[in-house]
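Below is one structure, written out as structure tokens, with a few remarks after it.
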Amino acid sequence: MINEKVGFIGLGNMGLPMAKNLEKGGFPLSVYNRTAQKASAFESSTKICSSIEELVATSDVIITMLTDDVAVTEVYNKVQQVTIAGKLFVDMSTISQQLSITTAKALIEKDAAFIDAPVAGSTKPAADGTLIIMAGGQTKDIERAMPYLEKMGRLVKHLGANGTGIAAKLAVNYYLAIALQGLAETVLFADKLGLQRSALMDIINEAAVGSGVTKLKTPSLINNSYPPAFALDLMLKDILLARDAGAEYSLGRVAANEYSGAQQVGLGKQDVMSIILALK
Ligand code: NAP
């Protein structure tokens with residue numbers, strides 16, 4: 001369908017740059033954020049809604065990018081106060097597979113459509129429109145969402161029915177939690193041996209062991225400063241979601257314990273890479 005009205009709920013670290021890319025794409029756009037001042041970054045062509053109900057009533061395709069299960073439950077309860085038949089909902093938050101599937105069922109019963117489309121990539125890919133999007137749901141619904149997903153991501157991978165996108169996201173973030181703890185321990189070990197962090201990261205990033213995420217976290221590690229791109233609280237949420245979904249393995253248990261310890265010493269709002277401060 002062309003000329004659909006798009007609504008975006010959740011203008012946090014990720015949602016704001018993602019919605020800005022939809023605005024740049026020229027779609028008729030409405031936005032809503034619980035903390036209203038975060039919506040001030042938009043052009044006058046974008047409608048700022050003062051409630052979820054208003055945004056849903058005036059949009060055809062509604063995208064949500066919210067913190068966790070609690071936020072998604074609260075928002076979708078409000079969504080269902082409005083007539084939603086014919087509308088498409090695209091939830092890009094990282095939440096439990098169970099909640100994602102239950103929400104899909106509730107909306108589909110009301111003749112709306114729902115896809116789960118969580119993302120890999122942090123705030124920079126969100127701003128660049130180069131996220132990796134993992135989608136679960138019916139092909140026709142993913143095709144309907146595609147013009148918008150393509151403005152936010154460089155790859156949209158359709159994995160299967162509702163809940164499969166979120167399954168892929170939980171698996172990928174399980175790996176991320178372990179990889180970042182591994183990187184933090186490696187840097188601490190090299191510190192002990194008297195190596196410069198910049199030299200160590202040059203080698204890691206050039207060697208086979210380097211990756212997108214080691215490159216991304218290099219400036220933070222060199223400056224020993226961890227402003228939030230992906231908050232440590234969210235990493236802990238995801239490792240616990242993975243555990244609850246059956247990832248009962250030794251490295252996952254260690255990571256859950258360490259990220260939880262880091263949260264307890266007050267690092268939750270800092271970037272996930274600040275795990276290094278807790279491990280130290
Ligand atoms: P964030 O900066 O904390 O933003 C969360 C958003 O959810 C905010 O807009 C917040 O509104 C809204 N929200 C929370 N509770 C709500 C409620 N009860 N009712 C209405 N709105 C509510 O988080 P983020 O970094 O953008 O992450 C969003 C999701 O993407 C998370 O599931 C995260 O795990 C996932 N993710 C994040 C990254 C990353 O690098 N940051 C990467 C991939 C995936 P307020 O502004 O009012 O608080």
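One-based numbering, in listed order, for ligands and for the atoms of each. Excluded from the calculations below are hydrogen atoms, water molecules and symmetry mates; all remaining heavy atoms, backbone and side chain alike, are included.
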- Return yes if a side-chain donor-acceptor contact under 3.5 Å exists between Asn173 and Thr94, otherwise no. no
- With a 4.0 Å heavy-atom cut-off (strictly under), which part of Thr67 contacts ligand 1: side chain, backbone, both or neither? both
- Message: Check Arg154 with Asp128, please: is the shortest side-chain N to carboxylate O separation under 4.0 Å?
- Response: no
- Any non-hydrogen atom of Asp68 lying under 4.0 Å from ligand 1? no
- Who's the nearest protein heavy-atom neighbour of atom 40 (O) of ligand 1, and how far? Ser122 OG, 2.6 Å
- Task: Answer yes or no: does an N/O atom from Lys169 fall short of 3.5 Å to an N/O atom of ligand 1?
- Result: no
- Query: Mind checking whether Met92 has a heavy atom under 4.0 Å from ligand 1?
  - Reply: no
- Assess whether side chain to side chain contact (heavy atoms under 4.5 Å, CB included) is satisfied between Met18 and Met92, documenting all intermediate values. CA-CA 10 Å; Met18 289 162 72; Met92 305 189 78; 3.6 Å; yes
- Query: Do Tyr32 and Phe8 have their ring centres less than 6.0 Å from each other?
  - Reply: no
- Near Glu74 (heavy-atom distance under 4.0 Å), the atoms of ligand 1 are 18 (N)
- What residue among Thr102, Asp244, Asp69 forms side-chain hydrogen bond (donor to acceptor under 3.5 Å, both in side chains) with Ser96? Asp69
- Message: Regarding atom 2 (O) of ligand 1: of the candidates Ile9, Asp238, Asn13, which has the closest heavy atom?
- Response: Asn13
- Note on the structure: Numbered in order shown, the ligand 1 atoms found under 4.0 Å of a heavy atom of Ala229 are 39 (C), 40 (O), 41 (N)
- Query: If you measure from the Lys or Arg side-chain nitrogens to the Asp or Glu carboxylate oxygens, is any gap between Lys47 and Glu54 under 4.0 Å?
  - Reply: yes
- Item | Closest protein heavy atom (residue, atom, distance) for atom 16 (C) of ligand 1 | Arg34 NH1, 3.3 Å
- Message: Geometry only, no angles: is Thr123 polar-contacting ligand 1 at N/O separations under 3.5 Å?
- Response: no
- Using distance alone, determine whether Met14 and ligand 1 share an N or O pair under 3.5 Å. yes
- Within 4.0 Å of some non-hydrogen atom of Gly10, the atoms of ligand 1 are 9 (O)
- Task: Before accepting this row, confirm whether a basic side-chain N of the pair Glu248/Arg253 lies closer than 4.0 Å to the acidic partner's carboxylate O.
- Result: no
- Message: Run Asp271 and Lys217 through salt bridge (charged side-chain N to carboxylate O under 4.0 Å, His left out) and show every step you take.
- Response: CA-CA 10 Å; Asp271 189 65; Lys217 299 303 178 192; 2.9 Å; yes
- Message: Looking only at side-chain N and O atoms, does Tyr259 offer a donor or acceptor that is under 3.5 Å from a partner on Asn257?
- Response: no
- Output yes when the distance from some N or O of ligand 1 to some N or O of Asn33 is under 3.5 Å, and no in every other case. yes
- Query: So which heavy atom on Leu131 is nearest to which on Gly121, and how close?
  - Reply: CD2-O, 3.5 Å
- Answer yes or no: does an N/O atom from Thr35 fall short of 3.5 Å to an N/O atom of ligand 1? yes
- Item | Nearest option to atom 20 (C) of ligand 1, as decided by whichever heavy atom of Leu176, Ile95, Val75, Val172 sits closest | Val75
- Quick one: does Ala71 get an N or O within less than 3.5 Å of an N or O on ligand 1? no
- Note on the structure: Candidates Leu241, Thr94, Asn77, Leu216; heavy atom nearest atom 36 (N) of ligand 1 found on Thr94
- Message: As an exercise, identify every atom of ligand 1 less than 4.0 angstrom from a heavy atom of Gly121.
- Response: 42 (C), 43 (C)
- Would one find an N or O of Leu11, backbone or side chain, under 3.5 Å from an N or O of ligand 1? yes
- Going by the side chain to side chain contact (heavy atoms under 4.5 Å, CB included) test, name the single residue among Val209, Thr218, Thr214, Ile275 that passes it with Leu183. Thr214
- Message: One thing to verify: whether Glu143 and Lys140 come together as a salt bridge, which I'm taking to mean a side-chain N less than 4.0 angstrom from a carboxylate O.
- Response: no
- Query: Does ligand 1 have an atom that lies less than 4.0 angstrom from a heavy atom of Ala126?
  - Reply: no
